[in-house]
Amino acid sequence: MKKLPAFVLSTALLFPLSLPVYAAETTLVVQSQSLTYEQALERAFNASIPLKNAGDEIDRSFEIRQNLGSGIQYYPVGVGNGPKDEMVRAQAKGVVQADMAWRISKRKYDLEKDNIIYSVKTAYNNVLKAQKQKELAEANAKNQEVQKNVAFYKASEGALSQYELSQEEGKYNSALKQKVAAEKALDDAWTKLNALIGASQEARFALVDEPQFKPFDKSETDLENDITFIVSNSDAVAMAEEQVKIQRMDVDLYTYNAGSPTSYKAEEIDVRKAANQVEDTKKNLADGMRSIYYSIKQLEEQYKVLTIELKKAEETLKMAQVRYDTGVGIKADVTAAELAVADKKKKIFDTLIQLDNLKLAYEKPWVAAGASAGGGSAQ
């Protein structure tokens with residue numbers, strides 16, 4: 001096969017092709033309005049029906065608590081015996097349970113807000129990530145177009161076999177499909193964010209809060225201190241502890257000979273089960289924080305490696321550009337080097353996205369556990 005001079009290939013690539021390069025772009029309603037993460041979060045708070053219902057539940061449980069409390073004459077102490085004692089104790093337990101339900105409703109409201117905070121963070125970042133993926137797919141398609149053109153002219157001069165040409169055409173067609181898939185993924189990411197913030201499905205904003213690298217300066221000692229603090233102040237743990245109090249009250253105010261379907265021993269078992277749930281909740285939070293901590297540390301190392309690889313890719317691009325400018329290289333080498341740089345930048349950005357999500361999950365490990373249980377992702 002004949003080897004073609006670089007200037008021949010460079011000149012040949014200036015001629016137009018008979019086939020269209022890209023499929024028609026999807027028309028979207030574009031809004032020039034910028035949207036910060038905090039603005040998106042505020043809109044999500046205002047749009048959330050579950051949050052509104054959680055707020056109403058606070059008022060509702062308070063009304064029930066006040067209504068039950070107004071009718072009680074005294075609070076019994078200790079176990080009782082017979083239907084009369086059972087009735088008095090049932091009334092007292094109803095008031096105490098209503099009071100606990102009111103406190104739990106306030107904690108549920110806070111948990112709902114935390115879930116929204118995490119959901120908006122991941123949805124906002126997923127749009128940014130999908131935008132970068134679309135840009136990379138476009139760059140890949142352009143590169144594969146150039147590589148296909150080179151292969152076409154090499155084949156026309158007998159310097160490339162038809163099989164090799166078909167391979168390049170296959171890569172180009174695959175790149176076009178990846179570009180279409182990236183566009184659909186971006187639309188899907190927008191749909192999910194817009195649903196959270198109460199915007200129309202077609203709305204598009206200029207997202208301005210791209211994550212930046214900030215070292216996670218926490219030692220393993222800091223980790224254990226953070227675990228102690230977060231577990232001690234967790235709404236999830238506090239709610240589990242409220243359930244222990246409710247079960248304990250059924251033991252403390254148990255009434256014998258009142259036809260209760262549950263024995264005293266069974267009530268004691270329920271207390272132990274509720275206490276076990278508290279410990280399990282604490283353990284899950286602690287384990288989750290440790291897992292997140294080490295994931296963050298690993299991603300930081302990955303970020304450092306990727307930045308080194310990016311510098312190497314940029315040097316390669318500079319060399320390819322110099323060779324092309326001086327006539328000893330071809331445009332195909334430049335576009336390939338440009339794609340390599342874009343690929344490294346995309347990997348760095350994806351790492352920053354993961355770090356941003358995980359740092360929020362570290363502060364609120366219960367939301368990360370909830371997202372995992374619900375099929376979500378911290379990535």
Side-chain angles (χ1 to χ4, degrees), residues 36-45 48 50-51 54 107-130 132 189 192-193 195-197 207 209-240 277-304 306 347-379:
T36 66
Y37 166 69
E38 291 298 330
Q39 289 171 334
L41 186 58
E42 189 61 32
R43 291 183 62 146
F45 285 153
S48 174
L51 186 63
R107 294 190 179 277
K108 284 184 175 180
Y109 179 84
D110 291 337
L111 282 175
E112 187 61 41
K113 286 192 73 173
D114 286 343
N115 288 332
I116 293 172
I117 290 170
Y118 188 72
S119 296
V120 174
K121 170 66 74 174
T122 55
Y124 190 98
N125 280 345
N126 282 343
V127 172
L128 291 171
K129 185 177 178 180
K132 298 294 185 182
K192 291 176 180 177
L193 177 61
L196 279 172
I197 66 177
L207 304 188
D209 284 338
E210 291 192 0
Q212 304 297 320
F213 182 76
K214 295 179 181 178
F216 190 65
D217 295 326
K218 285 184 179 292
S219 66
E220 292 188 357
T221 300
D222 294 328
L223 167 64
E224 295 305 319
N225 291 336
D226 288 343
I227 287 173
T228 299
F229 176 79
I230 288 178
V231 168
S232 299
N233 292 276
S234 164
D235 286 319
V237 172
M239 287 170 59
Q277 185 60 47
V278 172
E279 294 307 311
D280 190 51
T281 301
K282 290 180 178 179
K283 181 179 183 300
N284 288 338
L285 288 177
D287 290 346
M289 286 186 68
R290 291 189 184 97
S291 177
I292 292 168
Y293 174 86
Y294 291 115
S295 293
I296 290 173
K297 291 297 184 180
Q298 289 173 4
L299 284 170
E300 286 192 329
E301 291 303 314
Q302 179 177 311
Y303 173 83
K304 294 175 183 177
L306 286 171
K347 288 178 179 177
I348 288 174
F349 188 79
D350 287 352
T351 302
L352 291 175
I353 289 288
Q354 292 181 61
L355 283 169
D356 196 42
N357 291 344
L358 284 174
K359 286 177 181 179
L360 177 58
Y362 181 84
E363 297 173 3
K364 302 176 184 293
W366 47 87
V367 294
S372 176
S377 174
Q379 307 300 314

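The structure displayed is predicted, hence computed values, not measured ones.
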Legend entry - Exam field: side chain Y37 to backbone E210, donor-acceptor pair closer than 3.5 Å: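 Checking the backbone N and O of E210 against the side chain of Y37, no donor-acceptor pair under 3.5 Å is found.
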Legend entry - Donor-acceptor under 3.5 Å (S48 side chain, F45 main chain):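 It does not hold such a pair.
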Legend entry - Short N-O contact, R43 and E38, less than 4.0 angstrom: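 Not counted as a salt bridge, because no side-chain N and carboxylate O are separated by less than 4.0 Å.
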Would you name the heavy atoms of [X] and [Y] that are closest together and state the gap between them?
X	Y	result
A123	L196	CB-CD1, 3.6 Å
E300	K214	OE2-O, 3.9 Å
M289	I230	CE-CD1, 3.4 Å
K121	D356	NZ-OD2, 3.1 Å
A44	I116	CB-CG2, 3.7 Å
L128	P211	CD1-CD, 4.0 Å

Inset, instruction - Mind checking side chain to side chain donor-acceptor pair (under 3.5 Å) for Q302 and listing every partner two or more places apart, or none if nothing turns up? - result: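 Only T351 meet the side chain to side chain donor-acceptor pair (under 3.5 Å) criterion with Q302.
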Legend entry - salt bridge (Lys or Arg N to Asp or Glu O under 4.0 Å) against D287, all qualifying residues, sequence neighbours excluded: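 Only K283, R290 meet the salt bridge (Lys or Arg N to Asp or Glu O under 4.0 Å) criterion with D287.
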Inset, instruction - Show your working on side-chain contact (heavy atoms from CB on, under 4.5 Å) between N125 and N357 and close with a plain yes or no. - result: CA-CA 8 Å; N125 280 345; N357 291 344; 2.8 Å; yes
Legend entry - Stepwise side-chain contact (heavy atoms from CB on, under 4.5 Å) test for E220 and Y294: CA-CA 9 Å; E220 292 188 357; Y294 291 115; 3.1 Å; yes
Calculate, to the nearest 0.5 Å, the distance between atoms [atom1] and [atom2] belonging to [X] and [Y] respectively.
X	Y	atom1	atom2	answer
N126	K192	CG	NZ	7.5 Å
S119	N115	OG	CG	6.0 Å
L358	I353	CG	CD1	11.5 Å
D222	I227	CG	CD1	11.0 Å
K364	D110	NZ	CG	9.0 Å
F216	L355	CZ	CG	9.5 Å

Inset, instruction - Look at the aromatic rings of Y362 and Y293 and report parallel, tilted or perpendicular, splitting at 30° and 60°. - result: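 If you compare the ring of Y362 with that of Y293, the planes turn out tilted.
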Inset, instruction - Carefully, step by step, assess E224 and K218 under the rule salt bridge (charged side-chain N to carboxylate O under 4.0 Å, His left out). - result: CA-CA 10 Å; E224 295 305 319; K218 285 184 179 292; over 6 Å; no
Donor-acceptor pair between [X] and [Y] side chains, under 3.5 angstrom:
X	Y	answer
Y303	Q354	no
W366	D235	no
T228	N225	no

Legend entry - Criterion side-chain contact (heavy atoms from CB on, under 4.5 Å) on I117 and V367, from CA distance to verdict: CA-CA 9 Å; I117 290 170; V367 294; over 6 Å; no
Inset, instruction - Give a yes or no on this: more than 12 heavy atoms of other residues, nucleotides or ligands lie within 6.0 Å of atom NZ of K297. - result: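 Yes - once you tally the heavy atoms of other residues, nucleotides and ligands closer than 6.0 Å, there are more than 12.
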Inset, instruction - Check step by step if side-chain contact (heavy atoms from CB on, under 4.5 Å) holds for I296 and K359. - result: CA-CA 8 Å; I296 290 173; K359 286 177 181 179; 4.0 Å; yes
Inset, instruction - Compute both the distance and the angle, then confirm whether K129 meets the cation-pi test with F349: under 6.0 Å from the six-membered ring centre, within 45 degrees of the axis. - result: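 No - K129 does not lie over the ring of F349 by the 6.0 Å and 45° rule.
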Legend entry - Those residues that, when tested against K282, pass side chain to side chain contact (heavy atoms under 4.5 Å, CB included) (two or more places apart):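 Per chain and number, K282 pairs via side chain to side chain contact (heavy atoms under 4.5 Å, CB included) with V231, V237, E241, V278, E279.
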